[in-house]
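Step one of this worksheet: look at the structure below.
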Amino acid sequence: MKIAMEFKRAYEYIKWILGNAKGFRKSIAFIIILDAATALVGVAVAILSKNLIDCAVDGTIGKAVVFASMFGTLVFANLGIKAFSSVLSVKTYELMSNSIRKRIFSRISISEWLYVTKYHSGDVLTRLTSDVGNVTTGVVNTLPSIIHLCVQLTAAFGTLLYYEPMLAVLAFILGPFTVLLSRIWGRKLKQLNVKVQESESAYRAFIQESIENMLIVKTFQLEKRNIDIISDLHGTRLKWVMKKNVTSVVASTTLGLGYWIGYLLAFCWGTLKLSRGTTSFGTLTAFLQLVSQVQGPFIGLASTIPQLISAIASSERLMELEALPVEQFSKELPAEAVTGISFKDIYFSYEDKKPILENLTVNIKPGEVVGIIGSSGEGKTTLIRLLLALVKPDEGIVSFVSKEGKEFLASAETRDWISYVPQGNTLFSGTIEENIRAGYSAASMEEIQAAARAACAMDFIDELADGMKSKVGERGVGLSEGQAQRISIARALLRKSPILILDEATSSLDIASEMHVLKSIHELKPARTCIVITHRPTALKICSRVLKLENGRLIEKILDDAEYDEIYHGSSESA
Ligand SMILES: Nc1ncnc2c1ncn2[C@@H]1O[C@H](COP(=O)(O)OP(=O)(O)OP(=O)(O)O)[C@@H](O)[C@H]1O
């Protein structure tokens, strides 16, 4: 039962791997044909060498010259075929691995956000590079090698059987041995492969995070701790790589031993026949070559099988990414602006954790500017994630309402109506212009400048030597927090969506800049429905309503000056 299940699973993985090769079948078939041809050439060379030596011994020089020239032609042809096959393999490898990467990357992009965030970016990177590499090698290199070895085995065994059946049997001694070994070591090797890939993921993830958070590493003097962690991760990786390697080496050494025993037996048998005069020098040379060509494939298979197992183990890790749930898209969106927002009887919790939102109901009218306050960790950002349909409510309905009162459920598509400025630095590496343009790719330079002006960013951009073309590093390196925030706001304003969400978006700005940005937002024409999540009273002053998130519900607050003061001077807990 267990074996049947394992076979079924292996069948699924192999089907998936071959499915990926669909667009490259012609190239792969061609590589296989070329590789099989080199195997046949090997056997032909053995037969030719027998005839050549026999002619030389008999003194029939004319025939020997013919055989020698055929021999030379075949050797050159073999070299040419191998060179061409190698170039074709590299090209097919690149095309196929890029196509798998693109497909899986696209799949991740359209998968549900919450599921994707469960994977560390370093792990995803390892899967998209190393695992895709293993799968592609399996199809483009390992599969043709296996077929090459099988053709070589069949042709050499058939020829040997024709000339000397006893030798053929001796040479074949490795056959059952290989099958037994692959059964014993196959499963173990697959498990070890998964461990190797996991240790690679952990290692890459750590390096990635350390480089990203270099500032924290330096200011908290974590250099030594990080170097120690890297050493540990190296140690773990080395352990699994060595275990995998030793398992492969034990398997191939055992086979190697069998190979030499077989070869020695064939050699003794041949020399015995030669001493009795029942065979020629040429035949003995050919036999020895053919014995190698029967046994060689078994050794070859022992080294290609681990590659195949790597491909299978990696396909499992890639299939896992492909199985991520895809986002649901709503039906066609209406042409008119839909600006009202409704949260109705919302219950929400992350996985099986304590509920964050409970029985939450709120309606926001078109054009309203609503401030949301609440203690840290109360669920304000989660509320926005529900509106953006990044997470789904356990119960209740999140919807958008048109002027006519028509409701549209929040979905991936309704994000079209929202411009979002999230917490933290969310810039990409590239120019300032490229970062703002991400809000609306077809925007003119005038529109980009207008958005930057409204976000209070134009003054500092003008002061930069390259202006809009100034380069921004990874996550906005090269800009101050406040400058990065203003670029993020400009990006959101350029989008011209009817709803604008600012999540602590002005937290790093000085009061004067913050007031300027908020005033620009307030004066936008047409007016946008706006949700401002903030701990700062200046931001709340532009809001027509303030809602406080408390115990999973939103409660309307009328704040007097003393309370504004408390928010401003008190801790976030008191907000
Ligand atoms: N992806 C996630 N998976 C599981 N739990 C999460 C996730 N994101 C947030 N949480 C939890 O949900 C709760 C609400 O988080 P949320 O970010 O919505 O709070 P917040 O009110 O916006 O906080 P802050 O003001 O500090 O930004 C927190 O307890 C947090 O630990």
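Whatever order the structure lists ligands and atoms in, that order sets their numbers, starting from 1. What you are looking at is a predicted structure, and each value in this text was computed from that prediction instead of being measured.
For atom 10 (N) of ligand 1, the nearest non-hydrogen atom of the protein is Tyr350 CE1, 3.3 Å. For atom 17 (O) of ligand 1, the nearest protein heavy atom (residue, atom name, distance) is Thr381 CB, 3.7 Å. Among all non-hydrogen protein atoms, the one lying nearest atom 25 (O) of ligand 1 is Lys380 NZ, 2.8 Å. Atom 26 (O) of ligand 1 has as its closest protein heavy atom Ser376 OG, 2.6 Å.
On a distance-only criterion, Trp113 and ligand 1 share no N/O pair closer than 3.5 Å. Of the polar atoms of Thr117, none of the N or O atoms is found under 3.5 Å from an N or O of ligand 1, judged by distance alone. Close N/O approach between Gly377 and ligand 1 is found [any backbone or side-chain N/O within under 3.5 Å]. An N or O contact shorter than 3.5 Å is missing between Leu114 and ligand 1 by distance.
Using a 4.0 Å cut-off between heavy atoms, Gln423 contacts ligand 1 through its side chain alone, with no backbone atom that close. Contacts with ligand 1 closer than 4.0 Å are made by side-chain heavy atoms of Ile356 only, the backbone lying farther away. The side chain of Arg385, and not its backbone, has at least one atom closer than 4.0 Å to an atom of ligand 1 (non-hydrogen atoms only; side chain from C-beta on).
Summarising the contacts of atom 18 (O) of ligand 1 with Asp503, Thr382, Leu357, Leu383, the nearest heavy atom is found in Thr382.
Using cut-offs of 30° and 60° for the angle between ring planes, the His234 and Tyr203 rings count as tilted.
At a cut-off of 3.5 Å, with distance as the only test, no side-chain donor of Ser310 or Asn134 sits close to an acceptor on the other residue. Between the side chains of Ser121 and Gln208, a donor-acceptor pair is found at a separation under 3.5 Å. For the residue pair Ser342 / Glu407, no side-chain donor-acceptor distance below 3.5 Å is found, with atom types taken as modelled. Side-chain N/O atoms of Glu322 and Trp16 include a donor and acceptor closer than 3.5 Å. Asp394 and Ser349 form a side-chain donor-acceptor contact under 3.5 Å, judged by distance and modelled atom types alone. Checked by atom type, the side-chain pair Arg317/Thr126 shows no donor-acceptor distance below 3.5 Å.
Distances shorter than 4.0 angstrom occur between a heavy atom of Gly379 and an atom of ligand 1.
Atom 4 (C) of ligand 1 is approached by the protein to below 4.0 angstrom, counting heavy atoms only. For atom 31 (O) of ligand 1, the nearest protein heavy atom lies 4.0 Å away or farther.
Considering only heavy atoms from C-beta on, Leu383 stays 4.5 Å or farther from Val362 through its side chain. With a 4.5 Å cut-off on side-chain heavy atoms, Arg127 and Glu320 count as touching.
Under the 6.0 Å distance and 45° angle rule, Lys118 counts as a cation-pi partner of Tyr115.
Those atoms of ligand 1 that come under 4.0 Å of a heavy atom in Glu378, given as number and element, are 19 (O), 21 (O).
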